[in-house]
Amino acid sequence: MPEKEQHAWWKEAVIYQIYPRSFMDANGDGIGDLAGITQRIPYLSKLGVDVVWLSPVYASPNDDNGYDISDYRAIMKDFGTMEDFDTLLATAHKAGIKIVMDLVVNHTSDEHAWFIESRKSRTNPYRDYYIWRDGKDGKEPNNWESCFSGPAWQYDEATGQYYLHLFSKKQVDLNWENPKVRDEVYDLMTFWCDKGIDGFRMDVISMISKDQRFPDGPVKPDGYGDFSPYCISGPRVHEFLQEMNQRVLSKYDLLTVGEAAGVTIDEAKKYARSDGKELGMVFQFEHVGSENGKGSIVEKWTTGKPKLQNVRAILNKWQTELEGCAWNSLYWDNHDQPRCVSMFGNDAPEYRVRSAKMLATCLHMMKGTPYIYQGEELGMTNTHWASIDDCRDVEEKNAWQQFVIDQKRVSPEIMLACFDNMARDNARTPMQWDASKNAGFTTGTPWIAVNPNYTEINAASEINDPDSVFNYYRKLIQLRHEHEVIVYGKFIPLLEDDPNIYAYARELDGKKLLVACNWTKDEAPCTLFDDTNGTELISNYKEHKKGALQPYEARVVLL
Ligand code: TEU
Ligand code: CA
């Protein structure tokens with residue numbers, strides 16, 4: 001018997017992720033900003049979320065929209081000033097909403113002062129802040145491919161060596177082996193904690209420790225090597241996080257979540273140890289990546305959709321295996337993922353609302369801390385990419401250059417179809433506030449085009465509609481706040497082989513919750529509820545049928 005789950009505020013919270021560039025533009029320059037977020041705090045209060053996770057707001061040249069930081073103690077000019085930040089923090093706190101910051105310390109921008117120094121000479125005091133190596137036979141030090149296409153090493157003329165960048169060449173990997181780098185990171189974290197923030201979401205924290213032998217990786221179809229065996233959950237990652245915990249995290253009461261692409265369950269149990277020595281929880285990627293790479297068109301790019309069987313097997317495994325020993329984070333969407341109603345649900349007009357609510361139910365009744373990504377609560381959808389010129393994301397631009405232009409492995413039409421399906425920019429189109437020009441996001445020209453469906457799908461129309469996706473999310477959040485079984489109940493998978501239905505139960509102190517979701521657009525046989533007479537907590541249908549779930553029907557019953 002696992003011991004009783006330890007209670008914590010961040011286990012009971014619902015998180016709302018804001019991608020500031022696309023949330024709300026207060027000054028009409030077409031770019032979302034901090035003042036815009038402050039204006040919308042009442043909206044978040046209405047929704048009922050407990051915490052906001054802000055994607056990076058630090059100074060950045062925006063090669064990767066803030067995930068390339070040039071000064072950790074300054075605010076990005078596009079987003080405002082430190083004063084604007086302080087106002088946002090105070091306004092949020094006053095409304096009872098906590099603020100979690102994005103911590104991007106696997107890499108810095110190449111425009112960070114440390115790197116400007118580091119590249120000057122081989123003897124510069126900042127040289128070892130980054131990872132410099134000699135080339136091999138006139139080529140890169142090894143065969144690793146960056147996450148954003150092309151080699152993970154960039155030659156630098158000034159000193160005749162290569163530096164490592166697992167992401168774009170303007171995102172230079174820090175050398176965590178260097179204790180000075182770690183001191184700097186702990187200092188800047190302390191700076192933000194002392195300001196009164198409530199936690200950190202740690203960007204690619206699973207990649208900070210690299211195998212110092214820097215061996216070639218297994219060769220991929222495009223000829224480059226895979227760095228993952230040598231950089232994901234590398235040799236010293238847990239040592240580093242325990243040190244960070246002792247030096248900073250343990251001194252405050254924080255929510256911490258590590259972004260951990262490629263993390264296994266065994267590793268996750270170490271990162272998110274229930275003894276609190278490392279992090280509170282991790283983001284795993286298996287359930288959002290079940291289709292990537294499999295029968296795909298080129299590298300991760302595919303026009304395929306995930307299958308219930310795969311998604312369910314993955315999520316059930318995480319639910320049951322972390323039981324009692326680590327805490328899950330629950331998400332469908334974030335700024336790196338396509339819109340969940342388009343990917344996992346059905347964004348055709350006749351099914352969009354139902355399937356968005358079904359997906360929300362399916363996730364929010366699970367065990368773990370749920371994350372809602374801006375616009376998800378409106379059932380916002382993917383958009384259509386008619387041309388590469390409309391895209392803004394460095395990943396899309398680099399993939400286009402490599403696969404369409406340089407290697408000619410895929411036609412422009414097919415690449416764009418892949419973008420329609422899974423480009424990160426789908427999540428980054430402006431938040432749809434109302435039916436006015438530019439969806440009420442800006443009075444200027446938006447930095448990325450608004451999804452044309454904003455006239456139909458927007459917050460203003462949903463807030464007052466009791467049957468909207470927004471009000472459904474609102475209710476799910478309320479239920480989590482009201483019923484302990486939703487937070488701490490044990491997860492029990494049901495109907496694991498059913499071709500259409502995702503079902504499970506949750507149990508706590510004699511209370512039992514029954515959850516079933518039809519993942520298809522057809523009626524599906526289901527007798528789960530036929531002989532029960534519990535209380536229905538939520539459903540996306542008013543009437544039910546005996547022996548079946550209707551298209552995309554979701555039901556939650558408390559027994
Ligand atoms: O993402 C890292 C990550 O592993 C992926 O989600 C990655 O973006 C995706 O596989 C690319 O297809 C984090 C941030 O969330 C992302 O926005 C940044 O671009 C990246 O790190 C680099 O900082
Ligand atoms: Ca602005």
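By convention here, the first residue in the shown sequence is residue 1. As the structure lists them, so they are numbered: ligands from 1, and atoms in each ligand from 1.
- Atoms of the protein (N, O or S only) found under 3.0 Å from the Ca ion (ligand 2) are Asp25 OD1, Asn27 OD1, Asp29 OD1, Ile31 O, Asp33 OD2.
- Residue Lys170 qualifies as enclosed at atom NZ: its count of foreign heavy atoms under 6.0 Å is above 12.
- Contact annotation: Arg201 has at least one heavy atom less than 4.0 Å from an atom of ligand 1.
- A ring-centre distance under 6.0 Å is not found for Phe200 and Trp192.
- Protein heavy atom nearest atom 8 (O) of ligand 1, with residue, atom name and distance: Arg424 NH1, 2.8 Å.
- Atoms of ligand 1 lying under 4.0 Å from at least one heavy atom of Ala261, given by number and element, are 4 (O).
- Counting atoms of ligand 1 from 1 in the listed order, those under 4.0 Å from a heavy atom of His335 are 14 (C), 15 (O), 16 (C), 17 (O).
- Counting atoms of ligand 1 from 1 in the listed order, those under 4.0 Å from a heavy atom of Lys300 are 12 (O).
- For Trp433 and Phe23, the distance between ring centers is under 6.0 angstrom.
- For atom 14 (C) of ligand 1, the nearest protein heavy atom (residue, atom name, distance) is Asp203 OD1, 3.0 Å.
- Taking the six-membered ring for Trp and the full ring otherwise, Tyr230 and Phe227 have centroids separated by 6.0 Å or more.
- Which parts of ligand 1 touch Gln171 is read off a 4.0 Å heavy-atom cut-off, strictly below it: atoms 22 (C), 23 (O).
- From the protein, the heavy atom lying nearest to atom 19 (O) of ligand 1 is Asp64 OD2, 2.4 Å.
- The six-membered or imidazole ring of Trp144 lies near that of Phe214, with a centre-to-centre distance under 6.0 Å.
- Between Tyr130 and Thr108, the side chains place a donor N or O and an acceptor N or O closer than 3.5 Å (distance only, hydrogens not considered).
- Using a 4.0 Å cut-off between charged side-chain N and carboxylate O, Lys408 and Asp406 make no salt bridge.
- Between Trp132 and Phe115, the ring planes are parallel. Angles under 30° get that label, and only those over 60° would be called perpendicular.
- Between Tyr19 and Trp447, the angle of the ring planes lies from 30° to 60°, which puts this pair in the tilted group.
- Ring-centre distance between His112 and Tyr72: below the 6.0 Å cut-off.
- Within the 4.0 Å cut-off (strictly below), a protein heavy atom is located near atom 6 (O) of ligand 1.
- Taking the six-membered ring for Trp and the full ring otherwise, His165 and Phe148 have centroids separated by 6.0 Å or more.
- In terms of protein heavy-atom proximity, atom 20 (C) of ligand 1 is closest to Phe167 CE2, 3.8 Å.
- The protein heavy-atom contact nearest to atom 12 (O) of ligand 1 is Glu395 OE2, 2.4 Å.
- The protein heavy atom nearest to atom 1 (O) of ligand 1 is Glu259 OE2, 3.0 Å.
- With Ile232, Val204, Asp336 as candidates, the residue nearest to atom 2 (C) of ligand 1 on a non-hydrogen basis is Val204.
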Report task. Please report the C-alpha distance between Trp53 and Tyr373 in whole Å, then the side-chain angles of each, then the deciding distance to 0.1 Å, and finally whether the ring pair (Phe, Tyr, Trp, His ring centres under 6.0 Å) criterion is met. Result -> CA-CA 9 Å; Trp53 148 28; Tyr373 176 71; 8.0 Å; no
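- Listed by atom number, the atoms of ligand 1 under 4.0 Å from Phe285 heavy atoms are 6 (O).
- For ligand 1, the atoms closer than 4.0 angstrom to any heavy atom of His107 are 22 (C), 23 (O).
- Taking the six-membered ring where the residue is Trp, the centroids of His287 and Tyr331 are separated by under 6.0 Å.
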